[in-house]
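Beneath this line is the structure, given in structure tokens, with notes to follow.
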Amino acid sequence: MSSSDPYSGFYRLSRQARLTRLLELKLIDDADYAVLVNAVHSDYCDQAEKLIENVMGCFPMPLGVVPGVKLDGAEVSVPMVVEETSIIAALNRTAKWVRTQGTLTTSHQGNCMIGQLHIPYVRDFSALKATVLKHEAAVLAQLNETVLMGLAARGGGAQALVVRCIQRPGDAGDMAVIHLHCAVCDAMGANLVNMAVEALKPHIEALTQESIQTCIVSNLSDTQMTRATLVMNAIPSEIQASILKTAEFAELDPYRAATHNKGVMNAIDAVMIATGNDWRAVEASVHAYAARAGQYQAITRWTQSGDQLIGHFEAPISVGIVGGMTAAHPMAKLALKMMGVKHASQLARIAAAVGLMQNLAALNALATDGIVQGHMRLHIDNLVMASGAKTDEMDAVRTCLESVLTATKKVTLTDAMEALSALRVGHVQPITCA
Ligand code: NAD
């Protein structure tokens, strides 16, 4: 890198010096500088320096809570970090609905993560498979005595080797993949599994004379499965019918399934972020599982039985309550403590449960008022803020936007700006509201 490169050594600067460099480069101005320095307490930013490179500051996100989620016969209050206005509001209403009319149960099976060793062009797949399986017990034992010693001492560690053949079209030769199943106890396990597969590579190469290219954790951890079932009682038949039609739409059409599953992940991601978990990993896992049949589908299924509406969620949710930043970040610690989570599987079950509840909230909104009405009413506060209204102007602009929404079924930032301008030129009742 040339010394005239303005970013040379940028990552080595202190945060203060980094901000000064950004000012000099005119990438931020004085007002931005003040926001970056003052928005979040410097303790958090000091901690952030230990997590990522090139820290400028911290990005505050709302931390909310959904209290009273009745789950497996007990109540849990679920902290969530999320910026989308409607999510916690919808979950709050649904939590109350479930408390009065529903039963929500969860389960979790298995806790193995999968690590992959990839042989791009396998010379002799049958021989590879026979050799790997012959030495499986010894290879696993060696891993558990070395790189996975800590997990093995906790009752986890390397559990199995699975050999897969992936055929290329035509005569281009076969690819082989060896899976290491590793029980990760209460960690999410990605780093642990990455270390294990890298340690395994030279042993397998020496045993099989095959050439391994890539060693990496898989985020499709279908060796573990989290399930949630929600039974809602006394649901009017027309609402049931509407919800089931919308749910079927998501089962059969990937375009709809993407939005349906996004709604489920609205809640799951918010819990993942609040607990310091890797939400990208959970997203990848859930979406890959949703496509397991060869077509991307809804991650939930809805059926009816008499006046009961029954929802199911099933997907691998790999989370940790140790490792990564879960036990180090003060907010993540607080969130785990608030939920009384003692094991990773408990956290996965809570995530699945709120994902399914969020799905019910969305399906119910679509079956009744439509999504716009509820979303936009809540979005009004964002528009009021975005319009630049001062604190003493906000109520008037909000009232105006509410009447615009009622009258026209839509409301935009332009409406908010017009309402504010009208207010400022002295119209007691802004023109747009007249
Ligand atoms: P980690 O590297 O922090 O390892 C977990 C540690 O916790 C180990 O040292 C383990 O010995 C210890 N531990 C203490 N008590 C334990 C218990 N009860 N059960 C299990 N372990 C216990 O974290 P990790 O879980 O291996 O990996 C998670 C991190 O990896 C996340 O930060 C994630 O963002 C990151 N990551 C993810 C991917 C991916 O998903 N593709 C890839 C690379 C890294």
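Treat the numbers as computed from the prediction; the structure is a model and nothing was measured. For ligands, and for the atoms within them, numbers begin at 1 and follow the listed sequence.
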Checklist line | Residue pair Thr226, Thr106: steps toward the side-chain contact (heavy atoms from CB on, under 4.5 Å) verdict | finding: CA-CA 7 Å; Thr226 312; Thr106 61; 5.8 Å; no
Margin query: Please determine whether side-chain contact (heavy atoms from CB on, under 4.5 Å) holds for the pair Leu117 and Lys201, giving the CA-CA distance in whole Å, both sets of side-chain angles, and the decisive distance to 0.1 Å.
Written below: CA-CA 7 Å; Leu117 296 113; Lys201 175 180 167 171; 4.1 Å; yes
Item checked: Test side-chain contact (heavy atoms from CB on, under 4.5 Å) applied to Leu161 and Leu180, step by step -> CA-CA 5 Å; Leu161 294 174; Leu180 166 67; 3.9 Å; yes
Next item on the list: Take His260 and Thr246, measure what side-chain contact (heavy atoms from CB on, under 4.5 Å) needs, and give me the verdict at the end.
Entry: CA-CA 9 Å; His260 178 101; Thr246 308; over 6 Å; no
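Residues Val217 and Leu192 form no side-chain contact, since every pair of their non-hydrogen atoms from C-beta on lies 4.5 Å or further apart.
With respect to Asp72 and Arg349, a salt bridge is recorded, a charged nitrogen being found less than 4.0 Å from a carboxylate O.
At least one donor-acceptor pair under 3.5 Å links the side chain of Glu205 to the backbone N or O of Ile212. No donor-acceptor pair closer than 3.5 Å links the side chain of Asp174 to the backbone N or O of Cys165.
Looking only at heavy atoms of the protein, atom 7 (O) of ligand 1 is closest to Val322 CG2, 4.1 Å. From the protein, the heavy atom lying nearest to atom 38 (C) of ligand 1 is Ala190 CB, 3.4 Å. For atom 19 (N) of ligand 1, the nearest non-hydrogen atom of the protein is Asp186 N, 3.0 Å. The single protein non-hydrogen atom nearest to atom 34 (O) of ligand 1 is Asp278 OD2, 2.8 Å, given as residue, atom name and distance. Among protein heavy atoms, the minimum distance from atom 12 (C) of ligand 1 is reached at Arg154 NH1, 4.2 Å. Summary of contacts: the protein heavy atom closest to atom 20 (C) of ligand 1 is Val184 O, 3.3 Å. Regarding atom 9 (O) of ligand 1, its nearest protein heavy-atom neighbour is Leu192 CD2, 4.5 Å.
Classified by interplanar angle (parallel below 30°, tilted 30° to 60°, perpendicular above 60°), the ring pair Tyr7/Phe10 is perpendicular.
In the vicinity of Ala281, heavy-atom distances shorter than 4.0 Å reach the ligand 1 atoms 40 (O). Within ligand 1, the atoms closer than 4.0 Å to a non-hydrogen atom of Asn194 are 42 (C), 43 (C), numbered from 1 in the order shown. Every atom of ligand 1 is numbered from 1 in the order shown, and the set under 4.0 Å from a heavy atom of Gly324 is 1 (P), 3 (O), 23 (O), 32 (O). Residue Val217 has at least one heavy-atom neighbour below 4.0 Å for each of these atoms of ligand 1: 41 (N). When each atom of ligand 1 is checked for a heavy atom of Met188 under 4.0 Å away, the hits are 25 (O), 28 (C), 40 (O). The atoms of ligand 1 that sit less than 4.0 Å from any heavy atom of Leu151 are 20 (C), 21 (N). Of all atoms in ligand 1, listed by their number and element, those nearer than 4.0 Å to a heavy atom of Asn219 are 39 (C), 40 (O), 41 (N). Close approach to Asn191 involves these atoms of ligand 1, each under 4.0 Å from a residue heavy atom: 1 (P), 2 (O), 23 (O), 24 (P), 26 (O), 27 (O), 29 (C), 30 (O), 43 (C), 44 (C).
Closest heavy-atom approach to atom 25 (O) of ligand 1 among the candidates Gly323, Gly189, Ala196: Gly189.
Counting only heavy atoms, the protein gets under 4.0 Å from atom 27 (O) of ligand 1.
Using a 4.0 Å heavy-atom cutoff, Ala187 is listed among the residues neighbouring ligand 1.
Between the side chains of Trp302 and Asn359, a donor-acceptor pair is found at a separation under 3.5 Å. For Asn92 and Lys96, the side-chain atoms include no donor-acceptor pair closer than 3.5 Å.
Between Val55 and Ala48, the closest heavy-atom pair is CG2-O, 3.6 Å.
At a heavy-atom cutoff of 4.0 Å, ligand 1 is contacted by no atom of Met325, backbone or side chain.
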